Each structure stands twice: as C-alpha cells, then as structure tokens.
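Just below is one structure, and these are the notes that go with it.
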There are 2 protein chains.
Amino acid sequence: MTDKGSSVDRVYETLRDMAINFDFKPGERLNETHLTSKLNVSRTPLREALNRLVAEGFLTLAKGQGFFCRALSPEQILELYQLRCALETEALRIGISTAGDEDIAAFCAYLDETEKTYGTCEDLSELLNMDEEFHMRLAGLCGNGELCRTLKNVNERIRYVRLVNLRQLRENGAQASENSYLSAHRVVADAVRARDTDKAVTALRAHIERRREQTIELVRLAYSQLYVPAV
Amino acid sequence: MTDKGSSVDRVYETLRDMAINFDFKPGERLNETHLTSKLNVSRTPLREALNRLVAEGFLTLAKGQGFFCRALSPEQILELYQLRCALETEALRIGISTAGDEDIAAFCAYLDETEKTYGTCEDLSELLNMDEEFHMRLAGLCGNGELCRTLKNVNERIRYVRLVNLRQLRENGAQASENSYLSAHRVVADAVRARDTDKAVTALRAHIERRREQTIELVRLAYSQLYVPAV
DNA sequence: GTGTGCGAAACTGTATACAATTCTGTGGTC
DNA sequence: GACCACAGAATTGTATACAGTTTCGCACAC
C-alpha cells in the first residue's frame, strides 16, 4: 500500500538526509557516478534530485563542475537563524489571533505530553526532533502552509549545528540547559494560551536568539566534529 | 563575455518567467514534448529546470502525470502575503539596527531618484518592477542573503496578482493610489532614517497588509484576465 | 625544488532510446 | 442516453550513449 514513490523521490530524500547531516562535507564536490552506484539509479533521476536540492539551498551547482555541498559558515547559520526568527514570530502572531481554542489546547497538550520524555531522552537526535516538532506545531497554529514549509526547510539547514550544540551541552553536564529549553517552551505556550501576543513573541524571540551568540564557536566545533569520526 | 550559461539555466529562466506571468494557466498540465520543441532542448535539461521550479513553488509534480502549473487561489495568495510580511518586517528590524548610515542614505537616495518617474510611468509592469525594487532594497539593508532570496521568490509568486491590482487601479483612474504607494514608501524610509523601528515596522506592515482585504476579489479578477487575451 | 605544459582519464551536460504508466477514443452493454 | 471495457496512442520516468570540459598526473624546463 505504501506508494513506493518514484526513483527520484527516494533518491531525493536520501540525499536530503545526507545533506542535512553533512554526510557531504561543506564545500565537497559530489561525484555523480559514485552516487549512482551507491543509490542504484541512473544519472537522470539522480540529477533531478540534485537540482531540487540546489533550489532548496542544500547544495550548490557550479557550471561545468557539478554539484557541491553547501558551505558551513557562521554567517550562513546566523542568516538562517534570523530567517527562522522572522518566520516563527510572525507565525506566532498570526496563530494567536486566528487559531481556534481547540487548536491551542491541542498544542499545549502536546507540550504536556512530551514534557516527561524530554528530560529522560538519551538520544540527542531524538531530543532535537522533539524540539523541532514543538516549533513546527507552534508555527502550524497560523495555518499558513507556505510559511511552515519555508520554516521546515530552514530548520533542516541549521539542524546539524543545533545537534552539535546539544552535544556540547550534554557533555558539559548541563542537564539544566535542556530544562531551560523546556521552560522556555512553557513560557511561550502559556502566553499563547493567554493570547498575549507581545509576551509570546518576546519570549520566542529570546528563545531563538539566545543561540546566536554562540554560533561562531558552534560552527568551529561543528567542523571539528565533522572531520573526526564519531566514536 | 556574457557567459551564455548552460542549457538548463536558459530553459529555467524562460520557464520561470512564464510561470510568474501565468503563461501557464493555474493547474494546467505541462506537456514536456511541446516544451522541448518550443525551447529547442531535449527533455533532460528541461526536466531538470522543471524540478527546480517545483522546489521553488512555481510548479507541482504529480507522480506519473508530470508537471503542472501551481494553483491560483485566494488562500495561496494570502499565505504568500503573510510570508512576505514576516520577511520584510524582520528585515526592516534588522536593517534599522545594523545598517550603516551610508547604506541607509543610499537607500533613501534611490527613493528620491525614482520618485519622479513613479508618477509618469505608463508601463504597469515597469511600475511594479520599481515597487519590487524598493522593497528589495529595503530588505537588502539587513544584509541577510537568505532572507532576501526567500523574499524574492515570494514576490515572484505574487507578482501576477499585484499586476492585476495595478491594472485595476489604473482603470479606475486612481492616480492617487500610485501616489499612496509612494507616500507609504516615504513614510517607511523616513522612519528608517530616523532609526525608529516601531514606526517603520508598523507603517510597512500596514502598507503590505492593505492589499490583503482585496485579495479574494483580485484573484477573481486575475482569472478573468488570464482567460481573456489581452487586447 | 618549483613551476609549467601537455595528454590521458574522469566527469559533467545533453541527447536519445526504451519501458511503464496514463490518457483517449471507440464500441458495446444496460 | 449513460456508463463501462478495452485497445491504441501519447506521455512520463529512467537508462544509456555521446560530446565537450575539466581535472589530474607526469614529464620537462628552469
């Protein structure tokens, strides 16, 4: 029953996941022939998938030289954080003024539900998934599909750095930091429930921008982890 | 010297222009064979370009059925207006707090310069270009390339409806409306020069959202113009 | 040792060929 | 007259072939 999807779709999703996780190193040139044998498809659907990923900002395309992994630079990450902030705060504004009570209740219920597993979650990737899910649901309250799709793309592109961030916090034994994530979410959710736009936007903006200062250091750390195979 | 660019690039730009102007009708199925003969390329680069346009939201792709022009619906346009608002207001916030005085001066100078031609411009498409250029320069003050690229894409996707709007205003003999565009720009620019974030954001938001109420009617009008060849 | 030029190999960009699916129109049945 | 079945045509999705660049390595000059 599961529509196995076209070859392009399968290849596209595989490559996107690899790009998200920087399985391709920043600036690395992609060898199409290697990828075809790795993914068992011909170059035609492969290149169609690659072209999509270029349009989505995961890869770049240099005429005559082929496809490259996107760069990983503090500037780039900062730009994406700003973009994320723009999208999320506006979504929040719209959501607070237009979402139904039941939608907001469902959103808050999700937070309640995940609150327990948040502290006990060992897998950092899973933890990040939960955080992203929270933010996507928050944004989803605005009912704007275009906005959500754009946000999703941005989140995917900063995911690696965020993961590095979590690893760092975990290593520093900063259990508190995870709780601070959670409490920040709680503050926003409460403000949403109270339909207090200013309070919610302010809290959310602070929550997102908090990470900005560390970005330069985080990108440096990211590079070091990229080229040292995880134990 | 003009790098003639690859075949894909040329085809891509042509198709994108056609999509922006709804030379493809909303929901229309695109026949690849016809396009190949029209554009004098084989299906391989054609499909690569089409895949890019899907990723950019100009087209959709139905498995087994090929490529279709995007829909044109009030909901879609409203979503894009909201997205535009999110991007522009955030860019404005950032720009006011980070742009150099000389950048702001250059921005204001551009407004001064175009102010004259604004009233006398006969070509509505050209008029719209000028408006878009103003907004892109405004956004450009924030120095965030990702944000600007996203905004550019959004603007392209709502361009047709905005053009219909201008046509309508022109037909109603509403010269005043063009002046109102201009004066709104002036208000924003003055607030930017004064580094008054709240005032600038409020004015810009109002300027953009003003069009929202008319959207349903505008989309209806757009359809009528799409299927009646321009005289 | 360093830099340069050349030629082969590798790779990209595009065209074409083929397989599988979808669409279309005709005929038949109720 | 409306609905369904089916065969042929058209169209999409993928693989392969080919031409034009680029890259890489090696030899050679300085």
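Quick caveat: nothing in here was measured; it's all calculated off a predicted structure. In what follows, chains carry the letters A, B, and so on, assigned in the order in which the sequence lines appear, proteins first and then strands, with residues in each chain numbered from 1.
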Set of salt bridge (charged side-chain N to carboxylate O under 4.0 Å, His left out) partners for [X], sequence neighbours left out:
X	answer
Glu122(B)	Arg170(B)
Arg47(A)	Glu32(A), Glu48(B)
Glu56(A)	none

The complete set of salt bridge (charged side-chain N to carboxylate O under 4.0 Å, His left out) pairs with one or both residues in residues 98-110 of chain B, sequence neighbours excluded, reads Asp101(B)-Arg195(B)

Any salt bridge (charged side-chain N to carboxylate O under 4.0 Å, His left out) involving residues 73-86 of chain B? Give me the pairs, sequence neighbours left out, ordered by first then second residue.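 Sorted result for residues 73-86 of chain B: Arg84(B)-Glu88(B).
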
Within residues 46-58 of chain B, the residues having a heavy atom closer than 4.0 Å to DNA chain C are none

Is there a residue in residues 36-44 of chain A whose heavy atoms reach under 4.0 Å of DNA chain C, and which residues are they?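 Heavy-atom cutoff 4.0 Å gives Arg43(A).
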
Can you list everything that forms a ring-ring contact (aromatic ring centres under 6.0 Å, His included) with Phe24(A)? Sequence neighbours excluded, please. none

Taken in chain and number order and not counting sequence neighbours, the residues that satisfy ring-ring contact (aromatic ring centres under 6.0 Å, His included) with Phe67(A) are none

Any side-chain N or O of Asn31(B) below 4.0 angstrom from OP1/OP2 of dT11(D)?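 For Asn31(B), the contact criterion (side-chain N or O under 4.0 Å from OP1 or OP2 of dT11(D)) is met.
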
Provide the start and end nucleotides, 5' to 3', of the part of DNA chain C that has atoms under 4.0 Å from heavy atoms of chain B.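 Nucleotide range with atoms under 4.0 Å of chain B: dT14(C) to dC23(C).
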
As a check of understanding: the bend across the helix from dG1(C)-dC30(D) to dC30(C)-dG1(D), end axes from five pairs, rounded to 10 degrees, works out to 20°

Contact list (N/O, under 3.5 angstrom) for nucleotides 20-25 of chain D vs protein:
| from | atom 1 | to | atom 2 | distance (Å) |
| --- | --- | --- | --- | --- |
| dT23(D) | OP1 | Gln65(A) | NE2 | 3.1 |

